[in-house]
Protein chains: 2
Amino acid sequence: MQTEKRRTQADRRAETRAQLIAAARALFAERGFADTGTPEIAAAAGLTRGALYHHFADKTALFAAVVEQEHAAVAAGIEAAGGAMPSDPVAALLAGSEAFFAAMRDAGRRRILLIDAPAVLGRTTLDEIDARHGLETLVCGLRDAMDAGVIRRLPVLPLAQLFGALFDRAALAEPDQQPEFQTAVAAMLDGLRT
Amino acid sequence: MQTEKRRTQADRRAETRAQLIAAARALFAERGFADTGTPEIAAAAGLTRGALYHHFADKTALFAAVVEQEHAAVAAGIEAAGGAMPSDPVAALLAGSEAFFAAMRDAGRRRILLIDAPAVLGRTTLDEIDARHGLETLVCGLRDAMDAGVIRRLPVLPLAQLFGALFDRAALAEPDQQPEFQTAVAAMLDGLRT
DNA sequence: TGTTTGCATACATACTGCCTGTATGTTACC
DNA sequence: GGTAACATACAGGCAGTATGTATGCAAACA
């Protein structure tokens, strides 16, 4: 058989990187960044620490790659749900938040993105990653709503980051309290209507 | 002189605990939890690691004590500003948020309470500490406003925790963007008016 | 065109230093 | 004399680095 005995360097590189990221994601999700060691990660990926430190500068860089991937997955989930966008800008924002909460159902993802990432990567680094993925759509949604005269005109970027914080906090609520949090978030968004 | 050669055990205990907490606070504030070692802390306190581990179960417990102290200080600052509370409930809430931002000016405090604490102590533990100190006043302020019919009636506790997240995020904004964040927060609070 | 030679990349193994937590010893209080 | 407060000594583990080995790749050569 030898399904893939011949492989290009780029293939090897991409594959082992993916294996390391996948193994790290699983362990970081379960035990958190601090309580997960690089020997564990390498073993789970079927590799050695040498491979890990060949592909990533340090443990933090590997974590950053995991965060990047998770963030992209969340953004993709929101984009995918954006197909059936309602015409009302506020309703569109609500639909987006719904998609965000759906993407955040996974407890491991919450731990990685909302608990550990701010402390491990720092706010500024995390904001950069956020700006590359999800923030833009939120800013656009808010700006559209303002341009349409549907909500109050306010500084857009701060408002988007504040709503991001709201969404994050709501996503962290216990499952049984989730509905109340979401209605509260919806009410705060609704309160901005002119 | 021998200002205090004779001391009771409780005095010794309280004093060394305070020294350890103070030294830990300074180092955690500057370098963060992960990058601060217990040898450093003990040395800065003029003690040894033995004393540290005699008074605290582990490094995390010492950090929790620091967080508790900082949280209490913030709550005290807000309480102190509460003397001249305006009659309008929403204005009172705004005044409270102002006092919160003032208490959060210190960068080290922001790092300890808003960056490291969630990751080190976990959300649930942190929520418990929060419930013991600052959250109650926020809940009361919101409930008063609802009872007075000034703002929409919503689930109080979730709303308070969401506003807590808003305040935290606004406090983390860069100093030059702080005004815009605060106006946005004020607008969101104002939007809840009936 | 096929082979070989040289090099860079991918990965493994070995080593050092540090830190955390614990166990044991010594001093101060009561 | 006994207990609490602290210091010293020890064991295990982890992060990061340095070094060694194998694999793919590209160009020179036949």
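No hydrogens, no waters, no symmetry mates; every other heavy atom, side chains included, goes into these values. Quick note on labels: first sequence line is chain A, next is B, and so on, each numbered from 1.
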TODO: Return no unless some side-chain N or O of B/T16 is found under 4.0 Å from OP1 or OP2 of D/dA5.
DONE: no
Task: Atom pair distance, as rounded to whole Å: NZ in B/K59 and C1' in C/dT22 - done: 17 Å
Task: Any donor-acceptor pair under 3.5 Å from B/R110 side chain to B/M104 backbone - done: yes
- [ ] Rounded to the nearest angstrom, tell me the gap between atom CZ in B/R17 and atom P in D/dC6.
- [x] 11 Å
TODO: Find the distance B/L62:CG to C/dC19:P and express it as a whole number of Å.
DONE: 16 Å
Task: Candidates D/dC6, D/dT17, C/dA12 - which lies nearest the side chain of A/A51 - done: C/dA12
Task: Distance in angstrom units between A/Y53 OH and C/dT16 C1', rounded - done: 14 Å
Open item on the list: Just N and O in the side chain of A/H54: are any of them under 4.0 Å from OP1 or OP2 of C/dA10?
Closed with: yes
Task: Of the listed nucleotides D/dA7, C/dT20, D/dT17, the one nearest the side chain of B/T48 - done: D/dA7
Task: Whole-Å gap separating C1' (C/dT9) and CD (A/E15) - done: 16 Å
Open item on the list: Is it true that A/R31 and A/T36 share a donor-acceptor pair across their side chains at a distance under 3.5 Å?
Closed with: no
Task: Heavy-atom closest contact (A/F163 atom, B/M188 atom, distance) - done: CZ-CE, 3.6 Å
Open item on the list: Measure CG/A/L20 against P/C/dA12 and give the value in whole Å, please.
Closed with: 9 Å
Task: Nucleotide of D/dC14, D/dA9, D/dC6 approaching A/P39 most closely (side-chain heavy atoms) - done: D/dC14
Open item on the list: Taking only side-chain N and O atoms of A/T38, does any of them lie within less than 4.0 angstrom of OP1 or OP2 on D/dA15?
Closed with: yes
Open item on the list: Can you measure A/D58 atom CG to C/dG17 atom P for me and round it to whole angstrom units?
Closed with: 20 Å
Task: Between D/dC14 (P) and A/R31 (CZ): distance, integer Å - done: 11 Å
Open item on the list: Just N and O in the side chain of A/H55: are any of them under 4.0 Å from OP1 or OP2 of C/dC11?
Closed with: yes
TODO: Give A/T60 one of three labels, base, sugar-phosphate or nothing, depending on what nucleic acid heavy atoms sit under 4.0 Å from its own.
DONE: nothing
Open item on the list: On a heavy-atom basis, which atom in A/A42 and which in A/R49 lie closest, and how many Å separate them?
Closed with: CB-N, 3.6 Å
TODO: Determine the sole option in B/L52, B/T16, B/I41 for which the side chain to side chain contact (heavy atoms under 4.5 Å, CB included) test with B/L47 is passed.
DONE: B/T16
Task: Residue mapping more 5' on DNA chain D - nearest nucleotide basis, A/A57 or A/E40 - done: A/E40
TODO: Just compare C/dT22, C/dC11, D/dA7 and give me whichever is closest to any side-chain atom of B/R49.
DONE: C/dT22
